[in-house]
Trainee: 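Have a look at this one.
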There are 2 protein chains.
Amino acid sequence: MKRIADSTVRRLSLYLRFLEDFEQRGLETISSDELAQRGGTTSAQVRKDLSFFGSFGKRGLGYSVPELSRRIREIIGLGREWRVIIVGAGKIGAALAQYQGFAQRGFHIVAVYDSSPEKIGRSWNSQTIRDIRQLEHDTAREKPDIAVLTVPSEAAQAMLDRIVKAGIKAVLNFAPVQLQAPPDVTVKSVNMAMELEGLSFALTNRD
Amino acid sequence: MKRIADSTVRRLSLYLRFLEDFEQRGLETISSDELAQRGGTTSAQVRKDLSFFGSFGKRGLGYSVPELSRRIREIIGLGREWRVIIVGAGKIGAALAQYQGFAQRGFHIVAVYDSSPEKIGRSWNSQTIRDIRQLEHDTAREKPDIAVLTVPSEAAQAMLDRIVKAGIKAVLNFAPVQLQAPPDVTVKSVNMAMELEGLSFALTNRD
DNA sequence: GCTAACTTGTGAACGAATTCACAAGCCCCC
DNA sequence: GGGGGCTTGTGAATTCGTTCACAAGTTAGC
Ligand SMILES: NC(=O)c1ccc[n+]([C@@H]2O[C@H](COP(=O)([O-])OP(=O)(O)OC[C@H]3O[C@@H](n4cnc5c(N)ncnc54)[C@H](O)[C@@H]3O)[C@@H](O)[C@H]2O)c1
Ligand SMILES: NC(=O)c1ccc[n+]([C@@H]2O[C@H](COP(=O)([O-])OP(=O)(O)OC[C@H]3O[C@@H](n4cnc5c(N)ncnc54)[C@H](O)[C@@H]3O)[C@@H](O)[C@H]2O)c1
């Protein structure tokens, strides 16, 4: 298959959100143009994005909302449940662990780890915080798919190495550092400081 | 001035992080190649990024670490302190309000707002949560530069409209919705669900 | 002062992503 | 069953971002 741009995947994700919204409101069909308007893009962009994966619409009519919804879910890989672990039970780990939005989309938190004796053993809605030393052992048994990394920056690379060694192939990192991982492991980073600096730049450089 | 790509600004932000690290370790100069290696890019990319703003290096030698550091800070607009408010004192708002990393880079949280009577009046390290009804009044007096939006999705667009009306020109949004704002207001969104779906796609579509 | 070894800064070439533009297909109505 | 009005799907054109490649400048050593 042709390589798909990251931006395309992000937009599919966005379209899916609108489709679910439309589905709930009982709408039957939608045009590329309506989808584009919601997403702040163009109808050609929507059609091109979809065309990488097949042709799902009817000329003259548009797309069937439930069908397109199903197809995009399939493309993104949301047809199954994903097992997620959180490494680092700090403030941001807490927010994520208690967030309902992830489970709704099939991302289930199956374990939370920390290294601090003060945290280990405490419970957060139905999850007991585990000792990070159990990571390798648990992973071998429970086979999580995705790790969310929310440890301090200094510990991030070392923990990523352990996560990778334990066999996990996808990581969402919140530490504001550039991480190194082998090519078969996908690492995405959420860097809020960088976003704020983007705002600073925009405020500073307006004409 | 020529329009600067978003990707360029993000990389400048990244370079700055490395430069600060080098500065701390007392290094005097650095080449575009060293910077590139840390950032996972190429030396040509580094030089091109910088060239949009001037020429800061010495041929044959490289860049002076403290000077380049200073220049990038200036470009991004970090030469001053930014006043930030948080709208929505929930779980993610709490994590952000208590995060030290922002203040270190000049982003100071000057107020936190919520609509819930249970939250209003409570204190989070030196910040008392204020009633959202004070937003317009406070903003007129305190002139914050940036708003961080951490309210539930349903409330996000309405709150953005109020923030915009109050005169704030930059917003960092955490609600997983597509927001509409006038062109003179910069809105950046952090959408974690989208990142997780990117990982799901990567895991699903490997060869 | 001259040469060798480096490294920057930048047009030009390239490649990727977006937008254009239109033929092909579908529906509805007369 | 034919025409008009819509909307898709997709090559071609365009725009945007990255990489190449090299002249120009700097330092150090002799
Ligand atoms: N809090 C925020 O709003 C925020 C925003 C942006 C980025 N971040 C980043 O997210 C990360 C976590 O931030 P936080 O505010 O939650 O910090 P925190 O200090 O509240 O939490 C970090 C947790 O990680 C645990 N930990 C440390 N080393 C560990 C290890 N080796 N293995 C397992 N657990 C370990 C600590 O015990 C602590 O519980 C940091 O890298 C921070 O820079 C946080
Ligand atoms: N918690 C997470 O990890 C996480 C992750 C991704 C995205 N988000 C998004 O971030 C947003 C906040 O999430 P959260 O988990 O902190 O939710 P939360 O329910 O803990 O917090 C939301 C807060 O906003 C307040 N609020 C509601 N309406 C308001 C209004 N009109 N004005 C001011 N305050 C108002 C509520 O009283 C509450 O305190 C949501 O949009 C959520 O989808 C959260």
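In the text below, chain A, chain B and the rest are named by the order of the sequence lines, each starting its count at 1.
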Trainee: Base, sugar-phosphate or nothing for S7(A)? Non-hydrogen atoms, less than 4.0 Å.
Mentor: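 The answer is sugar-phosphate, as S7(A) gets under 4.0 Å only of primed atoms, P, OP1 or OP2.
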
Trainee: Using distance alone, with no hydrogens and no angle criterion, decide if R73(A) and S69(A) have a side-chain donor and acceptor under 3.5 Å apart.
Mentor: yes

Trainee: Are any of S55(A)'s side-chain N or O atoms less than 4.0 Å away from OP1 or OP2 of dG9(D)?
Mentor: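 Answer yes for this pair, as a side-chain N or O of S55(A) is under 4.0 Å from OP1 or OP2.
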
Trainee: Look at the side chain of T42(A) and decide which nucleotide, out of dT19(C), dG9(D), dG9(C), has an atom nearest to it.
Mentor: dT19(C)

Trainee: Can you check the D33(B) CG to dT8(C) P distance for me, whole Å?
Mentor: 8 Å

Trainee: Can you tell me how far C1' of dG17(D) sits from CZ of R10(B), to the nearest Å?
Mentor: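 Rounding to the nearest Å, CZ of R10(B) and C1' of dG17(D) are 15 Å apart.
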
Trainee: Which one, dT7(C), dG9(C), dA21(C), comes nearest to the side chain of A44(A)?
Mentor: dA21(C)

Trainee: Are R25(B) and D21(B) close enough for a salt bridge, meaning some N to O gap below 4.0 Å?
Mentor: yes

Trainee: Out of dA12(C), dA17(C), dG11(D), which nucleotide sits closest to the side chain of A5(A)?
Mentor: dA17(C)

Trainee: Under 6.0 Å from the CZ atom of R133(A), do we count more than 12 heavy atoms belonging to anything else shown?
Mentor: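 Open.
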
Trainee: Identify, between K48(A) and G62(A), the residue whose nearest nucleotide on DNA chain D lies closer to the 5' end.
Mentor: G62(A)

Trainee: Round to a whole Å and report the spacing from CZ of R11(B) to P of dC16(D).
Mentor: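 Distance check: R11(B) CZ to dC16(D) P gives 16 Å.
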
Trainee: Would F102(A) and Y99(A) count as a close aromatic pair, with their ring centres under 6.0 Å?
Mentor: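 So the answer is yes for these two rings.
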
Trainee: For nucleotides 22-30 of chain C, just jot down a letter per nucleotide in 5' to 3' order: B, S or -, based on protein non-hydrogen atoms under 4.0 Å.
Mentor: -BBBSS---

Trainee: Any side-chain N or O of Y63(B) less than 4.0 Å from the OP1 or OP2 oxygen of dC6(C)?
Mentor: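 Negative; the distance criterion is not met.
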
Trainee: In whole angstrom, what separates D49(A)'s CG from dT19(C)'s C1'?
Mentor: 12 Å

Trainee: Once the angle between the rings of F53(A) and F201(B) is folded into 0 to 90°, is it parallel (under 30°), tilted (30 to 60°) or perpendicular (over 60°)?
Mentor: perpendicular

Trainee: What is the separation between atom CZ on R3(A) and atom C1' on dA17(C), rounded to the nearest whole Å?
Mentor: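 Rounded to whole Å, this separation is 11 Å.
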
Trainee: Atom CZ of F56(A) and atom P of dT8(D): how far apart are they, to the nearest Å?
Mentor: 14 Å

Trainee: What contact category does S32(A) fall into here, base, sugar-phosphate, or nothing, at under 4.0 angstrom with non-hydrogen atoms?
Mentor: sugar-phosphate

Trainee: Does K58(B), at its NZ atom, have more than 12 non-hydrogen atoms belonging to other residues, nucleotides or ligands within less than 6.0 Å?
Mentor: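 Count not over threshold, so no.
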
Trainee: I need the CG-P distance between L35(B) and dT7(C), as an integer number of Å.
Mentor: 13 Å

Trainee: Rounded off to whole Å, could you give me the CG-to-P distance for the L50(B) and dT10(C) pair?
Mentor: 11 Å

Trainee: Please check if atom CD in E28(B) has more than 12 non-hydrogen atoms from other residues, nucleotides or ligands closer than 6.0 Å.
Mentor: no

